[in-house]
Amino acid sequence: MTHGHDFDQRYAETRRPFRADPAGPDPSLVELAGQLPAGRALDLGAGEGRNSLFLARLGWRVTAVDLSGVALSRLAAEAARERLAVETVVGDIGQYLAGASRFDLVVWSYLHPAPEERARLLAAASAAVAPGGHLFLAGHHLDSLGRAGPPHAARLYTEASLDGAFPGLETLRLERRQQPAGDGGGPLVDVVAWASRPEGSRP
Ligand SMILES: C[S@@+](CC[C@H](N)C(=O)[O-])C[C@H]1O[C@@H](n2cnc3c(N)ncnc32)[C@H](O)[C@@H]1O
């Protein structure tokens with residue numbers, strides 16, 4: 001996976017360096033959060049925190065983890081300005097998840113590790129979902145290769161690549177989503193997944 005230093009450089013050069021990502025919260029996360037009571041959320045690879053800030057404004061207590069201290073300092077500054085309950089953790093999500101407690105909502109938004117690493121990290125992210133809690137995933141679809149996301153087919157998502165990717169969780173939604181592109185071309189394609197851990201089950 002790319003090192004924190006590389007991400008730091010990209011964030012230091014410009015705000016919102018990942019141009020394909022909209023500035024506001026993910027629209028499917030907005031839809032999911034609208035159905036849930038506020039609780040504890042974990043935003044993996046939170047970046048500058050568009051999703052963390054959205055959840056915290058709804059009353060969620062958010063832990064935001066990212067390799068980039070530059071991105072998280074922007075998030076922390078905005079959270080402090082608005083007096084929001086956001087804790088920032090600079091570090092690798094794999095290391096964080098190894099010792100993580102359980103969360104009511106785990107957010108995986110536009111993270112694109114290599115497939116073996118992805119399987120391991122998604123299993124760890126799933127294990128961090130509390131009974132009754134949810135995991136949310138959004139990422140670039142393989143059909144957007146060359147237009148959005150990393151230029152490696154294997155790192156992009158298909159519906160099939162996420163089938164069975166959330167051990168112990170029940171998949172509630174797994175679908176393609178189109179979003180307008182800023183490059184004048186046709187719409188970009190994403191994959192969105194929601195999964196939940198049944199109440200009363202053990203992580
Ligand atoms: C494309 S950005 C997405 C940011 C945010 N989740 C969003 O949707 O706007 C990917 C982020 O993941 C972070 N990242 C990538 N690999 C990571 C890892 N192994 N551990 C922690 N953060 C990571 C990067 O620093 C970057 O901020």
Side-chain angles (χ1 to χ4, degrees), residues 1-33 41-57 60 62-79 86-100 103 105-126 128 134-141 144-152 154-157 177 179 181-182 188-194:
M1 211 165 187
T2 315
H3 295 297
H5 174 68
D6 302 326
F7 282 110
D8 257 349
Q9 259 192 345
R10 293 184 68 177
Y11 282 112
E13 281 160 13
T14 175
R15 281 184 178 251
R16 296 205 304 273
F18 302 99
R19 291 290 176 203
D21 296 350
D26 185 281
S28 301
L29 178 63
V30 173
E31 184 187 348
L32 174 62
L42 174 62
D43 190 1
L44 296 168
E48 289 157 308
R50 64 193 178 106
N51 293 322
S52 291
L53 290 167
F54 160 71
L55 290 168
R57 286 174 190 134
W60 289 78
V62 181
T63 300
V65 184
D66 201 289
L67 286 172
S68 171
V70 174
L72 287 185
S73 66
R74 288 180 189 151
L75 166 52
E78 185 56 29
V86 179
E87 176 198 17
T88 54
V89 179
V90 179
D92 176 74
I93 59 169
Q95 282 172 12
Y96 181 83
L97 286 167
F103 291 83
L105 178 60
V106 176
V107 177
W108 173 291
S109 173
Y110 294 91
L111 290 169
H112 299 94
E116 327 74 61
E117 195 182 8
R118 177 166 82 203
R120 182 176 61 78
L121 290 172
L122 280 178
S126 299
H134 290 74
L135 183 143
F136 170 86
L137 178 148
H140 297 295
H141 194 284
S144 291
L145 179 64
R147 295 185 62 209
H152 308 286
R155 289 178 181 255
L156 301 180
Y157 297 95
R177 178 184 70 182
Q179 58 165 326
L188 293 172
V189 185
D190 294 330
V191 171
V192 173
W194 301 355

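Keep in mind it's a predicted model, so treat the numbers as computed, not measured. One-based numbering, in listed order, for ligands and for the atoms of each. This chain uses plain numbering: 1 for the first residue, then up along the sequence.
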Check your understanding: ligand 1 versus Ala46, non-hydrogen atoms closer than 4.0 Å: side chain, backbone, both, neither?
Key ->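 For Ala46, only backbone atoms sit under 4.0 Å from ligand 1.
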
Give the atom numbers and elements of ligand 1 that come within less than 4.0 Å of a heavy atom of [X].
X	result
Tyr110	1 (C), 3 (C), 8 (O), 10 (C)
Leu111	12 (O), 14 (N), 15 (C)
Gly47	27 (O)
Gly91	20 (N), 21 (C)

Exercise for review: Would you check, one step at a time, whether the test side chain to side chain contact (heavy atoms under 4.5 Å, CB included) holds for Asp43 with Thr63?
Suggested key: CA-CA 6 Å; Asp43 190 1; Thr63 300; over 6 Å; no

Exercise for review: Starting from the C-alpha separation in whole Å, work towards a yes-or-no answer on side chain to side chain contact (heavy atoms under 4.5 Å, CB included) for Leu67 and Asp92.
Suggested key: CA-CA 6 Å; Leu67 286 172; Asp92 176 74; 4.0 Å; yes

Mind checking whether [X] has an N or O less than 3.5 Å away from an N or O of ligand 1?
X	answer
Leu67	yes
Ile93	yes
Asp43	no

Point to revise | Modelled atom types, side-chain donor and acceptor of Tyr157 and Asp190, under 3.5 Å | key: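 There is no such pair (donor and acceptor under 3.5 Å, judged by atom type) between the side chains of Tyr157 and Asp190.
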
Check your understanding: Does any donor atom in the side chain of Asp8 or Ser68 lie under 3.5 Å from an acceptor atom in the other side chain?
Key -> yes

Practice item. Show the numbers, then the answer: is there a side chain to side chain contact (heavy atoms under 4.5 Å, CB included) between Leu105 and Leu55? Key: CA-CA 10 Å; Leu105 178 60; Leu55 290 168; 3.9 Å; yes

Point to revise | Charged N-O contact under 4.0 Å between Arg74 and Asp66 | key: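 No, no charged N to carboxylate O under 4.0 Å.
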
**Study point:** Heavy-atom proximity to atom 25 (O) of ligand 1, best of Val90, Asp6, Leu29, Asp66
**Key:**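 The option holding the nearest heavy atom is Asp66.
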
Practice item. Give the single entry among Leu44, Leu97, Asp92 that approaches atom 19 (N) of ligand 1 most closely by any heavy atom. Key: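 Result: the heavy atom closest to atom 19 (N) of ligand 1 is in Asp92.
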
Point to revise | 4.5 Å side-chain heavy-atom contact, Ile93 and Gln95 | key: no

Check your understanding: Does the side chain of Leu135 come within less than 4.5 Å of Leu137's, by heavy atoms?
Key -> yes

Practice item. Please verify whether a non-hydrogen atom of Ala71 lies at under 4.0 Å from ligand 1. Key: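 Under 4.0 Å: no for Ala71.
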
